[in-house]
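Following: one structure in structure tokens, then a few remarks.
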Amino acid sequence: MPIKHYLQFSDLTADEYDWLFERAAAIKKKFKSYEKYHPLADRTLAMIFEKASTRTRVSFEAGMYQLGGSVLNLTTGDSQLGRAEPIEDTARVISRMVDVVMIRTFGQERIERFAEYSRVPVINGLTNEFHPCQILADIFTFIEHRGSIKGKTVAWVGDGNNMANTWLQAADLLGFTVHLSTPTGYEVDQAVAGIRSSQSYKVFKDPMDACRNADLVTTDVWTSMGYEAENEARKTAFADWCVDSEMLRVARPDALFMHCLPAHRGEEVEAEVIDGPQSVVWDEAENRMHAQKALMEFLLLGKVSHPS
Ligand code: CP
Ligand code: NVA
């Protein structure tokens with residue numbers, strides 16, 4: 001089987017996403033009923049974190065153990081990556097010893113260089129440009145609550161960052177629309193987002209207009225990891241991009257609220273929204289694990305022939 005990497009959302013087809021969402025649901029059901037499922041027995045996942053993490057670390061680690069495999073965790077500081085070993089050499093070595101690698105790093109080109117020299121599938125656990133595992137889980141969560149996302153509207157309020165870019169790729173591939181509202185100077189760059197057409201998104205100056213009639217309202221931190229030096233300037237620029245109950249009120253009455261977390265109540269989202277009845281952020285966080293288990297199963301075993 002040729003190696004399949006998951007470096008950005010567009011690395012899989014719409015059909016493959018249908019498969020993953022079904023498998024995530026089946027795998028979640030097993031987890032909830034304490035049914036053992038060990039298709040990745042004797043397989044090893046290496047995780048490389050060049051940035052901090054709670055959800056990504058726990059969801060991949062717990063998920064791989066639940067699938068019967070084992071996990072090892074590396075960071076820049078405790079590996080030779082922090083002492084300037086080329087990422088290509090690290091990739092050549094690690095990929096001779098493990099079966100799949102998850103990386104959280106800075107520039108997308110870094111994970112692409114790793115993947116080019118890897119003998120095993122490489123998964124993007126967040127880069128400056130993309131966060132595909134998160135959007136995989138987010139769409140799975142939307143489907144669980146509301147059914148297919150095709151034809152729906154997702155309002156993105158805030159930074160034109162890795163999450164926004166990935167939502168655009170997903171909309172382009174799966175046939176929904178993103179309403180984008182970002183402060184001036186923090187817009188999404190279509191070229192960086194890696195989409196050719198502007199048909200699947202609309203840009204709004206006022207976040208209220210972006211939220212109008214949306215099926216899902218979502219946001220993220222004002223300052224992503226790696227951009228901490230801009231924190232004060234961002235606090236000023238983003239002051240009007242706080243998701244509040246007024247924004248949810250103009251969305252559809254059954255609109256959901258999502259946030260990839262970690263969240264800052266009183267900055268990008270009001271407490272009454274994230275802790276309110278339309279918020280599904282805890283399901284969203286849990287679903288990282290179920291969706292990534294389906295992803296690892298698919299990347300390592302393909303479409304398992306008799307899935308149960
Ligand atoms: N949403 C997310 O990726 O969380 P962590 O940074 O905690 O992994
Ligand atoms: N955009 C955020 C997401 C954190 C999960 C960041 O990159 O820090």
Side-chain angles (χ1 to χ4, degrees), residues 6-9 24 45 47-64 71 73-76 101-111 123-142 154 156-170 178 180-183 186-189 192-193 216 218-231 233-235 237-238 241-243 257-265 267-269 274 279-293 295-296:
Y6 193 55
L7 306 183
Q8 44 187 299
F9 199 87
L45 163 70
M47 302 192 291
I48 302 175
F49 284 101
E50 301 207 278
K51 290 176 176 170
S53 169
T54 296
R55 279 143 289 271
T56 303
R57 164 109 198 243
V58 175
S59 57
F60 269 104
E61 187 156 346
M64 188 57 166
V71 184
N73 186 40
L74 297 169
T75 64
T76 315
V101 178
M102 189 288 306
I103 308 180
R104 167 167 286 195
T105 188
F106 292 87
Q108 181 71 11
E109 82 289 343
R110 205 162 155 75
I111 197 170
I123 298 173
N124 182 344
L126 182 146
T127 56
N128 291 347
E129 290 82 1
F130 300 115
H131 197 2
C133 291
Q134 183 70 54
I135 303 299
L136 175 69
D138 291 4
I139 296 175
F140 175 58
T141 306
F142 186 89
V154 174
W156 176 265
V157 176
D159 193 15
N161 64 10
N162 43 12
M163 284 291 294
N165 289 337
T166 313
W167 271 115
L168 288 196
Q169 285 200 352
V178 180
L180 285 172
S181 182
T182 59
Y186 299 94
E187 295 88 353
V188 171
D189 179 335
V192 175
L216 166 64
T218 185
T219 187
D220 189 9
V221 290
W222 289 343
T223 304
S224 285
M225 291 180 279
Y227 298 83
E228 289 79 4
E230 301 173 13
N231 201 22
R234 284 172 172 265
K235 276 188 176 166
F238 282 76
W241 277 263
C242 171
V243 177
F257 172 77
M258 290 190 194
H259 189 311
C260 65
L261 307 175
H264 301 83
R265 289 167 178 77
E267 290 191 11
E268 75 274 6
V269 61
I274 193 167
S279 172
V280 291
V281 297
W282 313 122
D283 288 347
E284 188 189 352
E286 178 190 326
N287 281 338
R288 287 289 303 277
M289 185 174 80
H290 308 304
Q292 289 159 193
K293 285 167 76 178
L295 177 68
M296 289 192 285

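Atoms within each ligand, like the ligands themselves, are counted from 1 in listed order.
Residues with a heavy atom under 4.0 Å from ligand 1: S53, T54, R55, T56, R104, H131, Q134, C260, L261, R288.
Residue F257 forms a side chain to side chain contact (heavy atoms under 4.5 Å, CB included) with just one option from T218, V243, L216, and that option is V243. Residue N124 is tested with Q108, E129, Q8 for a side-chain hydrogen bond (donor to acceptor under 3.5 Å, both in side chains); the sole match is Q108.
No hydrogens or angles considered: a donor-acceptor pair under 3.5 Å links the side chains of T223 and N231. In the model, T182 has no side-chain atom that pairs as donor or acceptor with a side-chain atom of W241 under 3.5 Å.
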Item to check | Candidate pair W222 and H264, rule side chain to side chain contact (heavy atoms under 4.5 Å, CB included), full reasoning | outcome: CA-CA 9 Å; W222 289 343; H264 301 83; over 6 Å; no
Which atom pairs, nitrogen or oxygen on both sides, join ligand 2 and the protein at under 3.5 angstrom?
residue  : atom  : partner : partner atom : Å
ligand 2 : 1 (N) : N161    : ND2          : 3.4
ligand 2 : 1 (N) : N162    : OD1          : 2.9
ligand 2 : 1 (N) : D220    : OD2          : 2.6
ligand 2 : 1 (N) : S224    : OG           : 2.7
ligand 2 : 7 (O) : N162    : ND2          : 2.8
ligand 2 : 7 (O) : S224    : OG           : 3.4
ligand 2 : 8 (O) : M225    : N            : 2.8

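Residues E268 and A263 share a closest heavy-atom pair of OE2-CA, 3.4 Å. Between A291 and A24 the shortest heavy-atom distance is CA-CB, 4.0 Å.
With sequence neighbours left out, T105 forms a side chain to side chain donor-acceptor pair (under 3.5 Å) with E50, R110. In this view, Y186 and F238 satisfy the ring pair (Phe, Tyr, Trp, His ring centres under 6.0 Å) rule, not counting sequence neighbours.
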